[in-house]
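Residue numbering restarts at 1 for every chain, and letters A, B, ... go by the order of the sequence lines.
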Amino acid sequence: MPTPAVRRFALVDVDSCFAACERIFHPDLYGRPVVVLSNNDGCVVARSREAKALGIKMGMPWFQIRAFAESRGVVARSSNYELYGSISARIMAILRDFSAHVEVYSIDEAFVGLYGSPREIDETAREMRRRVWRDLGVPVSIGIAPTRTLAKLASHGAKHSPGLGGVASLDCYVPAQVDAILEATEVSELWGVGRRFAKRLAALGIENARQLREADPALIRRRFNVNLQQTALELRGIPCIEIEERDVDRQHQIMYSRSFSTPVSSTTEMHQVMSIYAQKVTRRMRRQNTVAGALWAFASTAWYKEPFSRIFGAVALTPRTDDPVVVLRAATAVLLPQVDSNCAYVRAGICLSDLSLGETATPLPIFAPDPNAGRLGRLIDKVNASVGEGSLGLGLAGLAAPPDWTMKREMLSNRGTTHWSELAVVG
DNA sequence: TCTGGGGTCCTAGGACCC
DNA sequence: TCTGGGGTCCTAGGACCC
């Protein structure tokens, strides 16, 4: 008798994604401990398996562990999101060869909907894993289950049990075994349960996933919120969490924010920061063809240094716009008056919200304030794309040499999949 | 000396409307 | 003197994700 077909979610997760991407064009790094650092080469944001084994933790400041790490042969890289994004897109393309239902959840994870007998689904998952490794040289783990929450849990198993060959399916276990797995899983390890909720759940005597599954869903809803109730129901095998594809037109806000390599205190410098950030953030919008109806700008001192200080201001943009001139004017108007020259600001940002698609927001001609609005931004993009980033800028941003405060990325790898001039060289 | 950068969703409470 | 019962919208704050 044939096994009945079932619907399953396969969570495909790249193992140590950023470190794996760094290895693609540097095969000598396979088997060596690799860490990837945040902007400004500040702290560790990704670690290879070997680096984890050395006890290097997520978020550790690089300056604190550098001597130790280097003595153990750890290779550090500045984060190269352009490279990772490009590799991610290739992985997703491979997954789409196996299913029409691929939900890209983050740069290194996707849920893939699969249909068939448990055995067929398991074989498909193993083939996906082989293909990604063969075509890109990147290892992935895959967890298979009836709900997304359980698939996430299964993928942890796939990652940490070498005997499974990188693929773990809950269908391989009888109910008593699943119970045991859930019992061995602390609630804080579950997708959707953070430290705060874990603490409050513990106060109710709910410490592991099995206990959460068996808790009264109405109580969970009442004491916490609907999200946690859904997590609890998903543990029972009832799918109820949907992933919204992050379509451009559904994104609610776009932010550009960076830390500086050296602090900024003067209004002049902050103006320069805003000039550059206004161009960066509006360029993202133009790429997506969106316009924003509201803006907020902020700057802050270092949070780990007393006294912490943060300034911000918000303003509506009427009509909606993606024009860097308008955005810059708005950002400086709300922020600069608050700049305190006694403060050492280490970070600033511009956030645009109330987004909508460009075409739908074009005002009637008689209401359009300036027939040329919006064209300047595209012109700047075009010039910079053809003759080089930073060639043409707005206000104080048109600078041939980067200002002192721009972020530090001293160990940046080549962007070998997106820039001709940075192609890998063989020989 | 040196500590990331994005996002989303839910809830409670107030203002306001009929 | 009596003092309803909905509904919407907005905002701030809290929680979570990678």
Side-chain angles (χ1 to χ4, degrees), chain A residues 11 13-14 16-18 35-46 56-67 69 76-81 84-85 88 103-111 148-149 152 155 187-201 220-231 241-248 250-263 277 280-281 284 288 293-294 296 298 300-306 308 312 314 316 344 346-355 404-405 407-411:
Chain A
L11 176 73
D13 183 323
V14 182
S16 307
C17 179
F18 298 170
V35 298
V36 176
L37 305 177
S38 61
N39 285 329
N40 275 321
D41 296 338
C43 53
V44 174
V45 291
I56 296 174
K57 303 266 188 267
M58 199 71 172
M60 278 182 162
W62 176 238
F63 77 92
Q64 278 178 5
I65 58 165
R66 182 173 185 165
R77 295 276 191 224
S78 306
S79 39
N80 185 344
Y81 289 99
Y84 313 149
S88 173
E103 300 163 346
V104 178
Y105 179 63
S106 73
I107 195 165
D108 71 334
E109 275 173 273
F111 290 101
R148 295 177 180 84
T149 300
K152 280 278 244 185
S155 83
V187 283
S188 61
E189 292 171 49
L190 290 171
W191 183 46
V193 184
R195 271 209 313 275
R196 306 291 179 105
F197 278 7
K199 225 172 158 180
R200 281 167 56 192
L201 283 165
I220 298 296
R221 166 91 195 235
R222 213 165 49 238
R223 294 292 198 84
F224 298 88
N225 62 24
V226 68
N227 295 337
L228 192 63
Q229 181 191 34
Q230 292 184 331
T231 298
I241 298 177
E242 299 290 332
I243 304 289
E244 305 249 322
E245 278 288 331
R246 290 210 198 133
D247 290 347
V248 165
R250 306 194 63 164
Q251 197 176 350
H252 296 156
Q253 52 179 26
I254 294 182
M255 179 158 7
Y256 188 88
S257 139
R258 289 286 181 277
S259 300
F260 315 137
S261 56
T262 55
Y277 289 13
K280 297 275 193 189
V281 74
R284 285 186 186 173
Q288 306 184 346
W296 62 282
F298 70 91
S300 65
T301 61
W303 57 266
Y304 50 88
K305 254 185 212 156
E306 292 289 342
F308 176 71
F312 69 95
V346 299
R347 182 173 171 220
I350 297 177
C351 180
L352 293 167
S353 59
D354 195 6
L355 302 182
D404 292 345
W405 49 266
M407 69 182 185
K408 207 165 62 176
R409 293 201 292 178
E410 287 172 349
M411 295 162 282

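- Using a 4.0 Å heavy-atom criterion, one finds that A/Val346 contacts no nucleic acid atom at all.
- If you take CZ of A/Arg200 and P of C/dA15, they are 7 Å apart, rounded to a whole angstrom.
- Among the nucleotides B/dG7, C/dC18, B/dC2, the one closest to any side-chain atom of A/Tyr105 is C/dC18.
- Among the protein residues, A/Asn40 comes within range of no part of the nucleic acid, since none of its heavy atoms lies under 4.0 Å from any strand.
- Across all strands, A/Arg66 comes closer than 4.0 Å to no nucleic acid atom at all (heavy-atom distances).
- Relative to the side chain of A/Asn227, the nucleotides B/dC9, B/dT8, C/dA15 differ in distance, and B/dC9 lies closest.
- We find the OG-CG distance between A/Ser79 and A/Leu37 to be 7.5 Å, quoted to the nearest 0.5 Å.
- Shown here is A/Arg223, whose CZ atom has no more than 12 heavy atoms of other residues, nucleotides or ligands within 6.0 Å.
- We find that NE2 of A/His252 is positioned 21 Å from P of C/dC16, with the value rounded to whole Å.
- Within 6.0 Å of CZ on A/Arg200 lie more than 12 heavy atoms contributed by other residues, nucleotides or ligands.
- Judged by Watson-Crick or G-U wobble contacts below 3.5 Å, the nucleotide C/dG6 has B/dC17 as its partner.
- Rounded to whole angstrom, the span from the CZ atom of A/Phe298 across to the C1' atom of B/dG7 amounts to 13 Å.
- For A/Asn225, the listed nucleotide lying nearest its side chain is B/dC10; candidates were C/dA15, B/dG7, B/dC10.
- If you check every strand for non-hydrogen atoms under 4.0 Å, A/Ile241 touches nothing.
- Rounding to whole angstrom units, CG of residue A/Leu11 and P of C/dC17 are separated by 14 Å.
- One interatomic measurement links the two molecules: CH2 of A/Trp303 to P of B/dT3, which rounds to 10 Å at whole-angstrom precision.
- Of all heavy-atom pairs spanning A/Ala302 and A/Val346, the tightest one is N-CG2, 3.6 Å.
- When distances run from any side-chain atom of A/Ser259 to the nucleotides B/dG4, B/dC2, B/dG7, the shortest one goes to B/dG4.
- In terms of heavy atoms, A/Ser38 sits closest to A/Val45 at CB-CG1, 3.7 Å.
- Residue A/Leu228 contributes atom CG, which lies 17 Å from atom P of B/dC9 at whole-angstrom precision.
- For A/Phe224 and A/Met255, each mapped to the nucleotide of DNA chain B holding its nearest heavy atom, the one lying further toward the 5' end belongs to A/Met255.
- Proximity of A/Val44 to A/Lys57: side-chain heavy atoms (C-beta onward) are nowhere separated by under 4.5 Å.
- Distance CG (A/Asp41) to P (B/dT1): 19 Å, rounded to an integer number of Å.
- Using C1' as the reference atom, C/dC17 and B/dG4 are 15 Å apart when rounded to the nearest Å.
- Taking only side-chain atoms of A/Gln64, from C-beta outward, the nucleotide of C/dC18, B/dT3, B/dG4 with the closest atom is B/dT3.
- The side chain of A/Lys152 has C/dC17 as its nearest neighbour among B/dC2, C/dC17, B/dT11.
- No contact: A/Lys199 has no heavy atom under 4.0 Å from any strand.
- Among the protein residues, A/Trp191 comes within range of the sugar-phosphate backbone only, with heavy atoms under 4.0 Å from sugar or phosphate atoms but none that close to a base.
- Using a 4.0 Å heavy-atom criterion, one finds that A/Ile107 contacts no nucleic acid atom at all.
- For A/Cys43, the listed nucleotide lying nearest its side chain is B/dG4; candidates were B/dG5, B/dG4, C/dC16.
- Across the protein-nucleic acid pair, A/Gln229 atom CD and C/dA15 atom C1' stand 16 Å apart, rounded to whole Å.
- Across all strands, A/Glu109 comes closer than 4.0 Å only to sugar-phosphate atoms, never to a base (heavy-atom distances).
- Contact annotation: A/Lys408 does not reach the phosphate of B/dG4 (side-chain N/O to OP1 or OP2, under 4.0 Å).
- Using cut-offs of 30° and 60° on the angle between ring planes, the pair A/Tyr81 and A/Phe18 is perpendicular.
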